[in-house]
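Everything below concerns the one structure shown next.
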Amino acid sequence: MRTIAQISDLHFGRHDLTVMEDLLNSVNDNRPDLVAISGDLTQRARHAEFAESRRFLDRISQPKLVVPGNHDIPLYNVFARFLTPFTKYDHYVLPVGHPASFFHDDEIAVLGLNTARRFTRKNGRVSIEQIAQIGRVFRDVPQKTFKAIVTHHPLGMPFGEAPLELAGRSRLALQAIANAGVHLLLSGHHHRALSGSTAEIAGGGSVLVLHAGTAISTRVRGGDGNTYNLIHIDKERVSIRFMEWKVGQGFCESRLASYVFSELRWWPL
Ligand SMILES: [Fe+2]
Ligand SMILES: [Fe+2]
């Protein structure tokens, strides 16, 4: 059994200090095996915001896997945006992440992919090289190992949900992801907590997608508050506890979604 805490869209610069302290307490109390942080650590990619996000990351003792989001590239400084888009992210955040954005133990293998791009203001993209990387990285991982990918921009929608902007080349990436036997995709960006199997691949159903809300920022959307996801993985069973912040209570479980993998697809329980 493994537990992954997925934290997303912190947006330091537009964050709430009380919610941040409660998040640190909740994550550290739950002692996850891995903390996956799916981008938008800052609001405007400023030095002060990155420094604050670094201090936050340093207070989490568990292994961390971090990918950047579109807000982690400078927006208004066009020279920095186009010439050195990830310099600040690399300086402040990269040292705490897992080497090569890949975490692997006896039960889970998790790959982080950067979908943030300097030429698109908000949207993301998967490169041809990253699609090849998916096949390469998971080829040597044992079949019984649970496989997951972390991106900022979603690659798929839960079945039945209206489509939101997905990362460019997501269909091509999803086919490679299904071929590689990847079970779960973790993403952020839309600030909405959703889960379900994705229907966007031929054959469908073999890949579970989990979108995260904004963990500590005031940029909440769609009636969701501040949330993060606690994912319990026990072989072919996955339970997702949606942890929502409440005044005076901190982060508490607000919903539970459970799935079982059978006959090459995910079924809700
Ligand atoms: Fe965001
Ligand atoms: Fe974003």
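Counting starts at 1 for both ligands and their atoms, following the listed order.
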| query | Would one find an N, O or S atom of His152, in either backbone or side chain, under 2.8 Å from the Fe ion (ligand 2)? | reply | yes
| query | From His71, does some N, O or S atom reach closer than 2.8 Å to the Fe ion (ligand 1)? | reply | no
| task | Look at the aromatic rings of His153 and His189 and report parallel, tilted or perpendicular, splitting at 30° and 60°. | result | tilted
| With the Fe ion (ligand 2) as the point of reference, which N/O/S atom of His189 is the closest? | ND1
| Parallel, tilted or perpendicular for His211 and His190, by the 30°/60° rule? | tilted
| message | Using the rule that Ile, Leu, Val, Met, Phe, Trp and Tyr join whenever any side-chain heavy atoms are under 4.5 Å apart, tell me whether Ile231 and Met243 fall into a single cluster. | response | no
| Proximal heteroatom of Asp40 relative to the Fe ion (ligand 2) (N/O/S) | OD2
| Would you call Arg2 and Asp105 a salt bridge, using N to O less than 4.0 angstrom? | yes
| said: Can you tell me which N/O/S atom of His191 has the shortest distance to the Fe ion (ligand 1)? | reply: NE2
| task | For the pair Glu49 and Arg14, find out whether any cationic side-chain nitrogen is under 4.0 Å from an anionic carboxylate oxygen. | result | no
| field | Geometry at the Fe ion (ligand 1) - Asp9 OD2 versus His11 NE2 angle, rounded to 10 degrees | value | 110°
